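The structure presented is a predicted model; accordingly, all values stated were derived computationally and were not measured.
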Amino acid sequence: MPELPEVEVVRQGVDRWVTGRTVAEVEVRHPRAIRRHAGGAEDFAAVLVGRTVTAVRRRGKYLWLPLDSGDALVGHLGMSGQLLVVSPGTPAETHLRARFAFADGGQELRFVDQRTFGGLAVDPAGAPLPSSIRHIARDPLDPEFDDDAFVAALRRRRTGVKRALLDQTLVSGVGNIYADEALWRVRLHWARPSESLTRPAARALLAAVREVLGSALAAGGTSFDSLYVNVNGESGYFDRSLAAYGQGDRPCPRCGTPIRREPFMNRSSYRCPRCQPGPRRPRR
DNA sequence: CGCAGGCCCTGGTAGC
DNA sequence: TGCTACCAGGGCCTGC
């Protein structure tokens, strides 16, 4: 559920509250919350204590906090992860996985994650990226995103266009919600072969992805329930603007035809059957 | 190498 | 009421 706009809202909150502060105590309450960290939870905590956070950065749906040690705290929210800023002594949240207290005795940072698809690790900060996220492509809101390279790569793929949009090594930050919204905007079916897109069509799709990500970010993100929240526990309101995603049987805002929900990659895809008709030669 | 599919996980809800 | 089945879905991993 947290895609680029939601993760960016979290990044801004963590940056505001945590950058410049020194870690005093780390409590790991669930071993699964620490992922791909060589020394496990114990080492994770040990290497963080005494370190100062120098920034909060994001690539796609990943966050990382460079530290004064030259390492970085890398995090992914998965499906249900939250980073919350709360007063010390606040009772433990039901799915509290890790807790960070700071030397100034101020607000704590907490990682809460119901489904435990998210995770944290400490990794060498590297340049420009920690090694664990070097395979993640730039996102369309990144000033250095290469539009021409994306269009070319998309048209080289031999897959359905929605699969391509969800491939974080091609373009990052896009998940099921914003893929469906962007495809609806440019009237493309999710199974349209990516190689069959003309260059202008691929450019229009990229523009739609940018628009929908930007609008959602301006709205503070999308939320259907209390799972996705900013660091203060508040939800965004972009869900009121969704045209296709989650709108099964509701009228298409463009033509009134009921939006259809279909199985896609063991999940769901939403489209307007009239605006986004099936391609002759689908690629799933 | 590129691509497809399985799996991880918990809570809410629909249906019987 | 209480049980089961299903759904939410990002990314790692494996196999073809």
Side-chain angles (χ1 to χ4, degrees), chain A residues 1-8 10-11 29-38 58-64 74-83 92-98 111-121 123 129-137 139 152-181 183 190-196 209 213 216 221-229 235 239 242 244-249 260-270 281-284:
Chain A
M1 191 113 38
E3 304 181 26
L4 185 153
E6 294 77 31
V7 179
E8 174 59 19
V10 171
R11 188 201 67 76
R29 300 172 55 110
H30 193 299
R32 267 189 68 87
I34 310 306
R35 299 277 180 95
R36 276 170 290 284
H37 181 90
R58 180 185 58 74
R59 162 78 52 117
K61 304 169 195 172
Y62 279 90
L63 291 171
W64 81 98
V74 179
H76 196 291
L77 300 178
M79 250 296 290
S80 55
Q82 306 172 342
L83 284 170
E93 292 78 3
T94 306
H95 303 292
L96 177 61
R97 306 307 188 192
F111 180 58
V112 176
D113 188 10
Q114 177 201 103
R115 294 174 206 168
T116 65
F117 278 22
L120 306 172
D123 203 28
L129 293 175
S131 58
S132 57
I133 56 177
R134 224 164 268 167
H135 61 294
I136 303 296
D139 67 66
L154 179 66
R155 298 176 73 244
R156 276 197 301 270
R157 290 293 171 101
R158 293 294 179 268
T159 188
V161 64
K162 183 171 173 181
R163 275 184 181 275
L165 284 182
L166 297 179
D167 182 345
Q168 306 295 302
T169 66
L170 179 65
V171 53
S172 70
V174 183
N176 209 31
I177 298 172
Y178 301 117
D180 278 2
E181 291 302 301
L183 291 169
W190 49 264
R192 174 74 179 270
S194 53
E195 74 270 27
S196 77
V209 170
L213 292 178
T222 297
S223 183
F224 301 96
D225 51 36
S226 57
L227 269 188
Y228 162 67
V229 291
S235 293
D239 55 320
L242 294 174
Y245 184 84
Q247 308 301 304
D249 299 328
R260 191 177 293 171
R261 178 168 80 89
E262 296 164 326
F264 169 78
M265 288 174 76
N266 282 328
R267 54 202 69 170
S268 294
S269 210
Y270 295 87
R281 198 166 46 83
R283 276 193 187 270
R284 293 160 190 272

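Atom CG of A/L166 and atom C1' of B/dC3 are 14 Å apart (whole Å). Rounded to whole angstrom, the span from the CD atom of A/Q114 across to the C1' atom of C/dA8 amounts to 9 Å. Taking atom CZ on A/R156 and atom P on B/dC1, their separation rounds to 15 Å, with Å as the unit. With rounding to whole Å, A/L77 atom CG is found 18 Å from B/dT10 atom P. Rounded to whole angstrom, the span from the CZ atom of A/R115 across to the P atom of C/dC6 amounts to 17 Å. For A/M79 and B/dG11, the CE to C1' distance is 11 Å, given to the nearest whole Å. If you measure from atom CD1 of A/I136 to atom P of C/dC12, you get 6 Å, rounded to the nearest angstrom. For the pair A/L165 CG and B/dC3 C1', the computed distance is 16 Å after rounding to whole Å.
Below the 3.5 angstrom threshold, one finds a donor paired with an acceptor across the side chain of A/R267 and the base of C/dG10.
The line from CZ of A/R260 to OH of A/Y270 is 14.0 Å long, rounded to the nearest 0.5 Å.
Dashed line: the shortest gap from a side-chain N or O of A/R157 to OP1 or OP2 of B/dC3 is under 4.0 Å. The phosphate of B/dC9 (OP1 or OP2) has a side-chain N or O of A/R32 nearer than 4.0 angstrom. When the side-chain nitrogen and oxygen atoms of A/H76 are compared with OP1 and OP2 of C/dG11, one or more of them lie within a distance under 4.0 Å. Taking side-chain N and O atoms only, A/S80 has no distance below 4.0 Å to OP1 or OP2 of B/dT10. Checking the phosphate oxygens (OP1, OP2) of B/dC8, no side-chain nitrogen or oxygen of A/R35 falls inside 4.0 Å. Here A/T159 does not reach the OP1 or OP2 of B/dG2: none of its side-chain N or O atoms lies under 4.0 Å away. Remark: A/H135 is not in phosphate contact with C/dG11, judged by side-chain N or O atoms under 4.0 Å from OP1 or OP2. OP1 or OP2 of B/dG6 sits under 4.0 Å from a side-chain N or O of A/N266.
Nucleic acid contact class of A/R261 (heavy atoms, under 4.0 Å, all strands): sugar-phosphate only. Note on A/H30: nothing from the nucleic acid sits closer than 4.0 angstrom, heavy atoms only. As judged by a 4.0 angstrom heavy-atom cut-off over every strand, A/Y62 is placed among residues touching the sugar-phosphate backbone only.
The pair A/R261-A/D249 fails the salt-bridge criterion, with no side-chain N (NZ, NE, NH1 or NH2) lying under 4.0 Å from an Asp/Glu carboxylate O.
A donor-acceptor pair under 3.5 Å is absent between the side-chain atoms of A/D113 and the main chain of A/G119, judged by distance alone. Judged by distance alone, the side chain of A/Q168 and the main-chain N or O of A/V174 form a donor-acceptor pair under 3.5 Å.
Listed nucleotides: C/dA8, B/dA4, B/dG11. Nearest to the side chain of A/H95: B/dG11.
Heavy-atom neighbours of A/R284 CZ from other residues, nucleotides or ligands within 6.0 Å: at or below the threshold of 12.
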Fill in: Verdict with supporting geometry, A/S172 and A/D139, side chain to side chain donor-acceptor pair (under 3.5 Å)
CA-CA 5 Å; A/S172 70; A/D139 67 66; 4.6 Å; no

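Both A/R158 and A/T116 lie close to DNA chain B; mapped to their nearest nucleotides by heavy-atom distance, the more 5′-ward contact belongs to A/R158.
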